[in-house]
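Residue numbers run from 1 in the order of the sequence given. From a predicted model like this one, the values you see are computed outputs, not experimental measurements.
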Amino acid sequence: MSALPHDNIRSLSVKHEKPSKLKFQYGTAGFRTLGETLDSVLFRVGILAALRSKKLDGKTIGVMVTASHNPEPDNGVKLVDPRGEMLESSWEGHATLLANAQTTDALLVALDEFVKLTKIDLSKPSRVVFARDTRPSGPKLVESLVDGLEALGAEYRDAGVTTTPVLHYLVRAINTKGTKEAYGEDTEHGYLTKLSDAFKKLIGGKAAPSPLLIDCANGVGAPIAVKLCEYLGDSIPIKLTNTAIDTKGALNNSCGADFVKTSQKLPPSLVSVLQPGQRACSLDGDADRLIYYYLDDRSQFHMLDGDKITALVASFIVDLVKAAGLDEQIKVGVVQTAYANGSSTKYLSERLPVKCVPTGVKHLHHAAEHYHVGVYFEANGHGTVLFSQTAQDQITTHKPSTPAQSTALNHLTNLINLINQTVGDALSDMLLVEVVLAHKSYSGVEWDSLYSDLPNRLVKVVVGDRNAFTTADAERRLVSPPGLQGKIDELVRRYDGGRSFVRPSGTEDVVRVYAEAVIKSQADELAFRVAGLVFDEAGGDPTQRPKEFL
Ligand code: G16
């Protein structure tokens, strides 16, 4: 054990003073707020990442600078644990505490207490790899992060401008290098090679897919998708759109996965581009979410969201496991959140075990680890598939007794390589969807017809204090403000097939309201009525009450 380098921390910390009035919170996906306010947070996250690495015996920790689906002025930062998973939740509170120490002196006191409490051996090495998305505030924030890393003398690697899933991949690849769990070469080239090789093997012998249009949200998915297309060669025709990463204000603006999912319509820029029957998909600002869609022959928009991806992918994997002769040994399960469409939950529960957990990939990821193969997607398109070590061992060691079993085992092996198992990855998921569609000879129409979504509506409500809202039962019920859940229940009862819930967002300063019902106009009405209840309850200025909140 040695002591923290106080002088070093102090001399760098004074360059990154905390803004006096702001309070920061490590939320659903790290710290996320206006980019121009995050300087001190990034500095402290640098220190925290170095300490996390020391705590884990010098394993490499990841730091991603991104605000994903949020608008361009926002930015954020999150930590990635050694296997490429989200930061262990018990450290989120520590992150919040350190970020809110008001002065450098207070920070030093908080750090000393933290090191003592968590029994960190400061003599251990610390290693960190970081990356950022394309936001204009990114470079400056990375400088603050580097100061934090240098304050602790951490070794670090700058992975440059890349997607969140690539950073997660790198973390796992670095930490497993040379072990029997080696995840791949620890470079972007290694990532692209792994995905594209697996895709080509899986698609081999199938009819060439029709052209796919990808909306890159004018974010970091664009340059990585350009590179991916080079690696994929002519195995799949892809056309990229919304690739304007240097256009101010373009990021996630009327495009991208969040826009499509929330507004349930095409990005305006695709209206005259997308042909009826053609498949298209949208990534979000850091390419960890994916939403598919198509126009039918009457040019009606149909969305294929995370729930539809789950239905498609889970049934494909179940079929392969069966064809491989492993259905006794490998059980497939699904994880969803309260946002999952009621029809998807019904469809999946009739076929597979389904678990509901709170919003946030970390919750879904951990729950999915309990299955041999865990398929998890949030309705917003954020998700992946986890193959447990048991399942992987079964797949590698099982002796096929027929050529069909052998083919199915090969497909499963290639799927394990195709899927980024560290976190939701829009590009990897897109290739996965394309593989399943090719194997099943499905167009968007057949995929969409697996089940019919219940009409639904998502509404944001700006309130005085979103922390006044707390939930239980995987966010399906409000605990506070007291009495509000009863009023929501009362309203919901009046709608055929009605369901609604309210939760504070962990990435934006709003409360989210979700509602579904058998008829679209009723789902909209229910959502806005519940939003009205929330607005009235949470002390918003009555003159600012949005008119649509009935
Ligand atoms: C992040 C999380 C997701 C979550 C989403 C919205 O996504 O990683 O798991 O669903 O935020 O969370 P909330 O409703 O709490 O704001 P992303 O793509 O923005 O990183």
So do F535 and V463 actually touch side chain to side chain, heavy atoms under 4.5 Å? no
Rounded to the nearest 0.5 Å, how far apart are CG of D305 and CG of N380? 9.0 Å
Could you grab the distance from atom CD of E537 to atom CG of L484, nearest 0.5 Å is fine? 5.0 Å
Is it the case that the side chain of S315 and the backbone of A311 share a donor-acceptor pair, with hydrogens and angles ignored and the cut-off at 3.5 Å? yes
Going by distance alone, is a donor N or O of one side chain under 3.5 Å from an acceptor N or O of the other, for T470 and S480? yes
Taking atom types as modelled, find out whether T310 and Q336 have a side-chain donor-acceptor pair closer than 3.5 angstrom. no
Under 3.5 Å, is there a donor-acceptor pair between the E508 and S505 side chains? no
Is any side-chain heavy atom of K239 closer than 4.5 Å to a side-chain heavy atom of L212? no
Between D473 and E475 (side chain of the first, backbone of the second, donor and acceptor by atom type, cut-off under 3.5 Å), is there such a pair? no
Are D147 and K15 close enough for a salt bridge, meaning some N to O gap below 4.0 Å? yes
Is there side-chain contact between F24 and V41, with heavy atoms separated by less than 4.5 Å? yes
Under 3.5 Å, side chain of Q485 to main-chain N/O of L478, donor-acceptor pair present? yes
Work out which heavy atom in P504 is nearest to a heavy atom in T471; give both atom names and the distance. CD-CG2, 4.2 Å
Determine whether the aromatic ring centres of H365 and Y376 lie less than 6.0 Å apart. yes
Could you measure the distance from the OG1 atom of T243 to the CD1 atom of I214? Nearest 0.5 Å is fine. 11.5 Å
Looking only at atom types and distance, does a side-chain atom of R351 sit under 3.5 Å from a main-chain N or O of Y347, one as donor and one as acceptor? yes
Could you tell me whether the side chain of P223 reaches within less than 4.5 Å of the side chain of I245, counting heavy atoms only? yes
L87 backbone acceptor or donor facing D81 side chain under 3.5 Å: no
If you measure from the Lys or Arg side-chain nitrogens to the Asp or Glu carboxylate oxygens, is any gap between K520 and D524 under 4.0 Å? yes
Should the heavy atoms of other residues, nucleotides or ligands under 6.0 Å from NZ of K346 be counted, would the total exceed 12? no
Nearest 0.5 angstrom please: D258 CG to L283 CG, how far? 13.0 Å
Identify the heavy atoms of Y339 and R503 that sit nearest to each other, and give their distance. OH-NH1, 2.9 Å
On the six-membered ring of F130, is R132 placed so that its NZ or CZ lies under 6.0 angstrom from the centre and within 45° of the ring axis? no
Quick one, L195 and Y169 - any side-chain contact, counting heavy atoms below 4.5 Å? no
Donor-acceptor pair between N341 and D307 side chains, under 3.5 angstrom: no
Answer yes or no: is there a donor N or O on one side and an acceptor on the other, between the side chain of D448 and the main chain of G444, under 3.5 Å? no
For N420 and S428, does a side-chain donor sit closer than 3.5 Å to a side-chain acceptor? no
When the aromatic ring centroids of F301 and Y294 are compared, is their separation below 6.0 Å? no
Is it the case that the side chains of D286 and S68 hold a donor-acceptor pair, with the cut-off being a distance below 3.5 Å and no angle test? yes
Which of L107, D39, T104 passes side chain to side chain contact (heavy atoms under 4.5 Å, CB included) with E17? It is T104
In short, V530 meets S500 closest at the heavy-atom pair CG2-OG, 3.5 Å
Checking K308 against D453 for the side-chain contact (heavy atoms from CB on, under 4.5 Å) test, could you report, in this order, the C-alpha distance in whole Å, the side-chain angles of both residues, the deciding distance, and whether it holds? CA-CA 9 Å; K308 283 263 154 92; D453 274 323; 3.9 Å; yes
Would you please say whether a donor-acceptor pair under 3.5 Å links the side chains of S137 and E36? no
K265 atom NZ, neighbour heavy-atom count above 12 within 6.0 Å: no
Under the criterion side-chain contact (heavy atoms from CB on, under 4.5 Å), I'd like the reasoning laid out for E92 against K362: C-alpha separation, chi angles, the key distance, then a yes or no. CA-CA 12 Å; E92 292 177 2; K362 60 187 172 211; 2.8 Å; yes
Quick one: do R545 and D536 satisfy salt bridge (charged side-chain N to carboxylate O under 4.0 Å, His left out)? Show the steps, please. CA-CA 8 Å; R545 192 179 201 265; D536 295 343; 2.8 Å; yes
Beyond-backbone contact of T384 with V423, side-chain heavy atoms, under 4.5 angstrom: no
For R279 and S210, does a side-chain donor sit closer than 3.5 Å to a side-chain acceptor? yes
Starting at OG1 of T345, measure out to CD of E350 and round the result to the nearest 0.5 Å. 11.0 Å
Looking at CD of E434 and CD1 of I238, how far apart are the two atoms once the value is rounded to the nearest 0.5 Å? 7.5 Å
With no hydrogens and no angle check, is any side-chain donor or acceptor of R135 less than 3.5 Å from a backbone partner on A67? yes
So L79 and Y26, side-chain contact (heavy atoms from CB on, under 4.5 Å) or not? Walk me through it. CA-CA 10 Å; L79 272 78; Y26 198 100; 3.9 Å; yes
Side chains of Q102 and K18: any donor to acceptor distance under 3.5 Å? yes
Would V361 and M86 count as a side-chain contact (heavy atoms from CB on, under 4.5 Å) if you check the C-alpha gap in whole Å, the side-chain angles of each, and the deciding distance to 0.1 Å? CA-CA 8 Å; V361 166; M86 301 290 187; 4.1 Å; yes
Given side chains that start at C-beta, do those of V502 and I488 come closer than 4.5 Å, heavy atoms only? yes
Closest approach of T507 to H69 (non-hydrogen atoms, all atoms of both residues): OG1-CE1, 3.3 Å
Check whether any side-chain N or O of S144 sits under 3.5 Å from a backbone N or O of K140 as a donor-acceptor pair, and report yes or no. yes
Less than 3.5 Å apart, any donor N or O on the side chain of E72 or N218 sitting next to an acceptor on the other? no
V375 to V313 - nearest heavy-atom pair and separation: CG1-CG1, 4.4 Å
Would you confirm whether N253, through its side chain, and G249, through its main-chain N or O, come within 3.5 Å as a donor-acceptor pair? yes
Are any side-chain N or O atoms of H168 and backbone N or O atoms of G84, one a donor and one an acceptor, separated by less than 3.5 Å? yes
Ignoring hydrogens, what is the shortest heavy-atom contact between C255 and A250? Give both atom names and the distance. SG-O, 4.0 Å
Do Y442 and L450 touch side chain to side chain, with heavy atoms closer than 4.5 Å? yes
